[in-house]
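Everything on this sheet refers to the single structure shown next.
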Amino acid sequence: MNSPGLRTGSRARSRSPFTALALAASALTALVTVTLAAPATATAHPAAARTTPPPSPTAPHTGVVAGARTPARTPGRAHAVRTFLAGRRAVSGPAWTHHPRIPGSRPTASAPRAGQVTHNWWGVFPQPGTHDGIMATHTVDPSYKVTDADNVTYAPTTKAQNSCMEVVTAYTNTGNEIWAWDWCGTVGPAKTVPIDGNFLKNYTPGQGGPAAYSVQMVQDDAAANRWSAYLYNYRTAAWDLLFQQSGTDQSGLDHGWDMFEIYASPNPATGEGYYCTEARNTTFDSSAVQLRSNGAWKPASPSDSPWTDTNPDPNAFLCPPLKFVQAGANDHWTVHQ
């Protein structure tokens with residue numbers, strides 16, 4: 001997640017001193033053996049029709065997410081957590097490269113050496129002062145298997161401005177999970193939910209097309225900055241509580257995000273990120289992105305949720321076939337090959 005240190009306008013996402021991430025990006029070392037494809041402009045297409053409409057943001061909030069647990073500290077998850085947190089904090093050095101995402105800018109097209117990890121992201125950044133709640137419908141792919149511990153895909157991942165949590169679709173080599181990342185307390189995954197048969201049965205509509213779950217984050221108490229994160233239960237037609245927290249957001253960012261995010265190293269055999277092959281048949285999609293302001297929900301729009309980059313370069317994501325689709329007016333995006 002560079003859930004990240006992003007910045008808008010002047011902002012490319014940057015964490016804990018995340019401002020650094022938005023303002024300074026390390027140049028990637030050219031990989032001589034790989035011929036890079038030309039940069040691909042994000043394409044604007046009409047939003048694809050969905051079999052099931054998004055849930056109502058005002059549906060009852062009554063249950064608790066089945067399968068949610070306080071995560072055990074395992075070596076694999078701990079590695080993924082460190083990777084995530086390091087990216088948010090804009091770690092620099094020979095093992096990392098970061099790409100600023102200022103709207104309208106384009107990164108340099110070059111590739112990292114074997115052993116380096118590239119951190120990159122693309123999506124929308126809901127702006128400060130525009131919302132006190134966010135919701136979206138995110139696809140999940142249980143068949144996507146990550147093989148390398150240094151390669152993780154957090155996509156889609158979303159956070160409201162100053163919210164105490166980020167809800168992440170986390171693909172790691174220890175398994176696929178939904179994370180509620182605590183930004184106001186432990187600064188780590190406070191709740192995890194395995195993307196298994198029970199999750200799919202309860203939290204995806206199961207009516208054809210890619211599996212997708214809906215997430216909502218709302219501020220319950222402005223004075224205490226108390227936030228609640230929910231997943232929509234299609235069996236009960238109600239929102240189930242995933243995680244609740246209050247306090248001070250420690251992300252270091254004053255905006256929100258809903259985005260595709262990767263940490264990737266190049267496969268020496270191809271020069272592309274491992275995920276480029278492993279997720280070849282996976283579609284990462286976030287639709288029905290909505291913001292709450294003054295008690296009312298409305299679709300994210302160009303005025304309040306600018307794209308992180310209007311011309312993303314797939315080479316900067318170590319995946320030349322990658323396509324970035326602006327499927328709606330800033331309330332729907334798709335990344336696929």
Side-chain angles (χ1 to χ4, degrees), residues 1-4 15 55 60-85 87-88 133-140 142 146 152-160 162-204 211-221 224-236 238-251 256-259 261 286:
M1 319 170 194
N2 190 284
S3 308
R15 295 279 175 198
H61 293 67
T62 57
V64 177
V65 171
R69 65 192 72 165
T70 300
R73 184 175 176 78
T74 63
R77 185 182 286 115
H79 185 93
V81 168
R82 287 194 302 270
T83 299
F84 181 90
L85 187 56
R88 295 297 185 279
I134 190 170
M135 63 178 284
T137 297
H138 292 166
T139 55
V140 291
V146 175
V152 291
T153 303
Y154 296 114
T157 181
T158 194
K159 183 182 183 299
N162 297 328
S163 64
C164 279
M165 70 281 296
E166 175 176 1
V167 176
V168 191
T169 311
Y171 298 99
T172 76
N173 77 326
T174 61
N176 303 334
E177 298 176 318
I178 305 301
W179 286 3
W181 181 280
D182 182 359
W183 278 117
C184 291
T186 59
V187 186
K191 294 291 182 181
T192 61
V193 186
I195 300 174
D196 56 15
N198 287 330
F199 174 83
L200 296 174
K201 179 181 69 176
N202 290 315
Y203 298 105
T204 69
Y213 70 96
S214 292
V215 56
Q216 182 185 90
M217 273 171 273
V218 291
Q219 186 183 56
D220 305 311
D221 184 332
N225 195 39
R226 188 182 72 223
W227 289 78
S228 298
Y230 301 89
L231 302 183
Y232 187 75
N233 189 323
Y234 284 89
R235 307 289 78 78
T236 63
W239 292 97
D240 288 352
L241 181 67
L242 174 60
F243 179 59
Q244 187 176 73
Q245 180 63 289
S246 61
T248 301
D249 176 16
Q250 300 176 52
S251 72
W257 54 83
D258 187 272
M259 65 187 193
E261 180 181 10
S286 178

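Below, all heavy atoms of this structure are taken into account, side chains as well, without hydrogens, waters or symmetry copies. Residues take their numbers from the sequence shown, with the count starting at 1.
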Query - Aromatic contact, F199 with Y213 (centres under 6.0 Å) - result: yes
Query raised in the report: Which pairs, with at least one residue in residues 183-193 and sequence neighbours excluded, count as a salt bridge (charged side-chain N to carboxylate O under 4.0 Å, His left out)?
Result: none
Query raised in the report: Got a sec, which residues hit salt bridge (charged side-chain N to carboxylate O under 4.0 Å, His left out) with D220, two or more places apart in sequence or on another chain?
Result: R226
Query raised in the report: What residues form a side-chain hydrogen bond (donor to acceptor under 3.5 Å, both in side chains) with W227, not counting sequence neighbours?
Result: N225
**Report entry** Full working for ring-ring contact (aromatic ring centres under 6.0 Å, His included) between W181 and F243
**Finding:** CA-CA 9 Å; W181 181 280; F243 179 59; over 10 Å; no
**Report entry** With sequence neighbours excluded, residues passing side-chain hydrogen bond (donor to acceptor under 3.5 Å, both in side chains) with Y232
**Finding:** none
Query raised in the report: Do you know which two heavy atoms are closest between N162 and D249, and how far apart they sit?
Result: CA-OD2, 3.3 Å
**Report entry** Heavy-atom closest pair, residues Q245 and G185
**Finding:** NE2-CA, 4.0 Å
Report task. Look at the side chain of S163 and the backbone N and O of M165, then say whether any donor-acceptor pair between them is shorter than 3.5 Å. Result -> yes
Query raised in the report: Can you name the closest pair of heavy atoms from P71 and P189 and give their distance?
Result: CG-O, 3.2 Å
**Report entry** Heavy-atom side-chain contact between S286 and T158 under 4.5 Å
**Finding:** no
Query - Side-chain heavy-atom pair Y234, S214 within 4.5 angstrom cut-off - result: yes
Query - All side-chain hydrogen bond (donor to acceptor under 3.5 Å, both in side chains) counterparts of D240, not counting sequence neighbours - result: Y203, N233
Query raised in the report: Of the non-hydrogen atoms in A160 and M217, which two are nearest, and what is the gap between them?
Result: N-SD, 4.4 Å
Query - side-chain hydrogen bond (donor to acceptor under 3.5 Å, both in side chains) involving Q216 - partner list, sequence neighbours excluded - result: H61
Query - Heavy-atom check, side chain of I178 versus side chain of T169, under 4.5 Å - result: yes
**Report entry** Within-4.5 Å side-chain heavy-atom neighbours: V167 and H138
**Finding:** no
